[in-house]
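Letters A, B, ... are given to chains in the order of the sequence lines, protein chains preceding strands, and every chain is numbered from 1. Note that this is a predicted model, so its numbers are computed, not measured.
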Protein chains: 2
Amino acid sequence: MKSKNITSADVARLAGVSRSTVSRCFKADSRISDETRKRVIEIADQVGYQVNKIARSMITRESDLVGVVSSGLHDPFAVVLIDELITTLQKMGLHPILLDASNEAQLEISIKKLAQYQVKSIIITSGSPSSAIGAQFVSLNIPVVLLNRAGQLDQANLVNCDNKTGSTLAAKIFREAGHTNLAFINSKSSTYSGRKRGEYFEQALSLQIESGDVRLRQIQTDVAGYEGGYEAALKLLKNTDHPTGFYCATDNVAFGFMDAARYEMGKKIPEDFSIIGFDDLPLSARASYNLTTIRQCPKDIARATADCIQSIGILTKPKRTTIPVKLIPRGTVSRVKNS
Amino acid sequence: MKSKNITSADVARLAGVSRSTVSRCFKADSRISDETRKRVIEIADQVGYQVNKIARSMITRESDLVGVVSSGLHDPFAVVLIDELITTLQKMGLHPILLDASNEAQLEISIKKLAQYQVKSIIITSGSPSSAIGAQFVSLNIPVVLLNRAGQLDQANLVNCDNKTGSTLAAKIFREAGHTNLAFINSKSSTYSGRKRGEYFEQALSLQIESGDVRLRQIQTDVAGYEGGYEAALKLLKNTDHPTGFYCATDNVAFGFMDAARYEMGKKIPEDFSIIGFDDLPLSARASYNLTTIRQCPKDIARATADCIQSIGILTKPKRTTIPVKLIPRGTVSRVKNS
DNA sequence: CTGAAAGCGCTAACAC
DNA sequence: GTGTTAGCGCTTTCAG
């Protein structure tokens with residue numbers, strides 16, 4: 001168990017150089033002769049020496065560790081996003097430490113611990129609780145990246161998908177298909193993105209709503225995600241004069257809505273109504289849902305996040321990035337029937 | 001930016017004690033008067049002092065960091081498992097560092113870096129590549145926990161679900177429903193669990209197979225997961241005398257199979273055939289699949305993993321745990337039609 | 001380009 | 001119970 005680690009001193013002795021020289025061999029920019037470096041690295045490899053990052057961190061006061069906080073992996077978009085984040089960070093030589101934020105108290109503790117590890121940065125994904133958390137880090141001088149989250153924090157980097165364009169697109173599709181009775185489905189305890197999508201949807205339709213040509217209901221479900229959509233369908237589809245076009249805050253909400261509609265109320269989609277989601281999850285492309293949706297690309301978000309982290313120390317001002325979205329037409333929107 | 005960190009020395013000075021005393025206040029077991037501890041902690045809180053774990057790690061030679069390697073978050077069971085792992089570890093005061101192992105070269109590098117961070121342990125989930133990885137850690141004296149993976153590593157802790165009981169259960173269900181023409185669907189590049197499930201399924205049916213009462217085909221798909229199931233259905237259901245009972249290595253394979261059957265071949269389930277999965281994913285319970293399956297509970301696996309980690313240093317021998325499974329009867333198995 | 005010396009912030013022996 | 005001393009493994013001035 002105590003198999004004494006090989007240290008830079010060992011390598012130094014073996015190579016007949018000083019510890020400083022060994023140290024310099026393992027950093028990018030150092031005035032050191034190629035020859036020496038080569039020899040030292042070779043010897044290091046032979047004896048299996050690896051720099052002790054812990055010791056290095058202590059003196060450089062920074063690490064390759066990055067905190068990623070999310071409220072679990074329950075939300076399917078969080079899954080694809082975090083997946084992308086992990087691989088992107090890994091490619092940059094950074095290591096993500098995952099924090100679950102579904103339990104706020106637990107999070108508080110973990111966050112403190114993170115700070116103790118001198119994380120290079122902390123990424124907070126949508127859905128995770130109070131931005132007071134972010135503030136804590138800002139005050140600790142740890143750069144914060146907020147993903148699809150409100151921008152109350154002036155000093156945080158912001159990456160947001162283009163909810164406005166997304167919702168405008170959705171509105172356009174519904175109008176072109178002749179839908180005049182619409183609803184936006186979201187949960188009461190919505191994320192920032194969800195709220196914004198609803199607002200922009202309404203905004204895109206404001207003229208038609210004022211003129212009375214379009215009716216828009218903002219539906220707030222008690223629970224979030226799939227179950228929320230399920231609940232909404234059960235309530236909304238009871239009456240015969242229900243909306244014909246449903247715009248859901250997320251694909252996951254749409255799935256719940258569709259499942260309830262099909263399996264509980266015997267509805268057909270898109271014959272009985274049209275529905276549009278947001279995210280474009282892998283599941284949305286499957287035949288079972290085949291959902292028309294607004295795609296926000298996790299890769300783009302991850303890349304933008306990487307950019308934020310890379311510019312740490314270079315840029316003084318935090319970055320704000322808007323990620324483009326794209327309409328993915330599939331099989332859940334049809335022309336409204338003339339009644 | 002350089003806002004000098006508050007160190008134990010600062011707290012010591014303020015409290016009028018030595019640095020050792022401060023240090024002792026932040027560890028569980030230390031002969032120190034309650035009074036002193038209370039005062040020190042109070043002062044520490046006031047000035048916002050937090051132990052620098054990096055420095056502590058350097059001397060104690062261990063950290064709260066745990067490596068979790070998986071091949072991405074593509075496999076849906078990996079998602080629920082890792083989710084559970086994260087919350088469990090977090091409750092133990094440990095911090096999971098996630099490594100993506102889908103790219104083997106990349107992984108190699110990351111693994112080395114992990115070692116440099118003195119991780120307390122490393123958890124390797126099913127699906128991740130070569131167990132040479134595990135061996136590396138064992139040689140570095142870092143305890144390894146293998147989840148649903150082969151047990152080539154003598155010195156690694158093993159947590160496996162009870163594939164034998166699971167497959168025996170599946171065989172029993174099919175036989176009781178009168179199915180005699182069966183198939184097991186798995187991918188060519190199967191995980192350890194997948195292979196085992198196939199073997200035990202065959203074993204459970206061996207008597208009937210020998211006597212000619214039952215026919216069992218072992219199907220190996222080119223691709224894995226959902227797409228593999230899809231591919232298998234397309235091939236297998238073409239002929240009219242196709243098997244009537246399909247046992248899939250995972251729920252995800254079953255989903256692909258069902259989708260292809262329903263949406264490409266117009267089949268009805270369970271009218272046209274019966275199907276059983278393995279895992280019991282959240283999706284399996286939804287009306288859209290309503291899949292009869294063998295449940296392995298991620299919570300149980302996470303708990304067993306936690307036990308392994310907790311016994312590090314106490315137990316000299318690695319642990320081997322088998323996690324019980326349970327049949328979840330839903331709507332995808334029916335009595336075979338008499339023809 | 002390389003080495004010597006000084007310390008990062010902490011804990012672990014060892015005294016008292 | 002508490003303080004003193006030493007040192008974890010590394011990087012970083014500062015000389016040369």
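A donor N or O paired with an acceptor N or O is found under 3.5 Å between the base of dG3(C) and the side-chain atoms of Arg24(A). Below the 3.5 angstrom threshold, one finds no donor paired with an acceptor across the side chain of Ser23(B) and the base of dA12(C).
In this structure a side-chain-to-backbone donor-acceptor pair under 3.5 Å is present from Asp83(A) to Leu73(B).
In this structure, Glu35(A) places its CD atom 13 Å from C1' of dT2(C), rounding to the nearest Å. Going from atom CD1 of Ile54(B) over to atom P of dT11(C) covers 13 Å, rounded to whole Å. Atom pair Gln116(B):CD and dC8(D):C1' shows a separation of 17 Å (rounding to whole Å applied). Between Phe26(A) atom CZ and dT12(D) atom P the separation is 15 Å, expressed in whole Å. Nucleotide dC8(D) holds its P atom 18 Å from the CG atom of Asn52(B), rounded to whole Å. Between the CE atom of Met58(A) and the P atom of dT12(D) there is a distance of 13 Å, rounded to whole Å. We find that CD1 of Ile32(B) is positioned 8 Å from C1' of dT2(D), with the value rounded to whole Å. In this entry the distance linking CD1 of Ile59(A) with P of dA5(C) reads 17 Å, nearest Å.
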Asp162(B)/Gln296(B) under side-chain hydrogen bond (donor to acceptor under 3.5 Å, both in side chains): CA gap, chis, key distance, verdict:
CA-CA 8 Å; Asp162(B) 191 349; Gln296(B) 60 168 329; over 6 Å; no
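At a threshold of 4.0 angstrom between heavy atoms, the contacts of Arg31(B) include nucleobase atoms, whether or not backbone atoms are also involved. Residue contacts shown for Lys27(A) are limited to sugar-phosphate atoms, with no base heavy atom under 4.0 Å away. If you check every strand for non-hydrogen atoms under 4.0 Å, Thr36(B) touches sugar and phosphate atoms only. Val22(A) comes within 4.0 angstrom of no nucleic acid atom, judged by non-hydrogen atoms across all strands. Within 4.0 Å (heavy atoms only), Val51(A) reaches sugar-phosphate atoms of the nucleic acid but no base atom.
With dT11(D), dG3(D), dG3(C) as the choices, the nucleotide that has an atom nearest any side-chain atom of Val17(A) turns out to be dG3(C).
At dT11(C), none of the side-chain N or O atoms of Ser8(B) fall inside 4.0 Å of OP1 or OP2 (strictly under the cut-off). For the pair Thr21(B) and dG3(D), the criterion of a side-chain N or O lying under 4.0 Å from OP1 or OP2 is met.
Salt-bridge check for Asp64(A) with Lys120(A): failed, with every basic side-chain N at 4.0 Å or more from each acidic carboxylate O. A salt bridge does not link Arg37(B) with Asp34(B): none of the charged nitrogens is closer than 4.0 Å to a carboxylate oxygen.
Sequence order on DNA chain D of the closest nucleotides to Asp34(B) and Tyr49(A) puts Asp34(B) first from the 5' end. Between Ala55(B) and Ser20(A), the residue anchored closer to the 5' end of DNA chain D is Ala55(B), taking for each the nucleotide with the nearest heavy atom.
Counting non-hydrogen atoms of other residues, nucleotides and ligands closer than 6.0 Å to NZ of Lys319(B) gives a total above 12.
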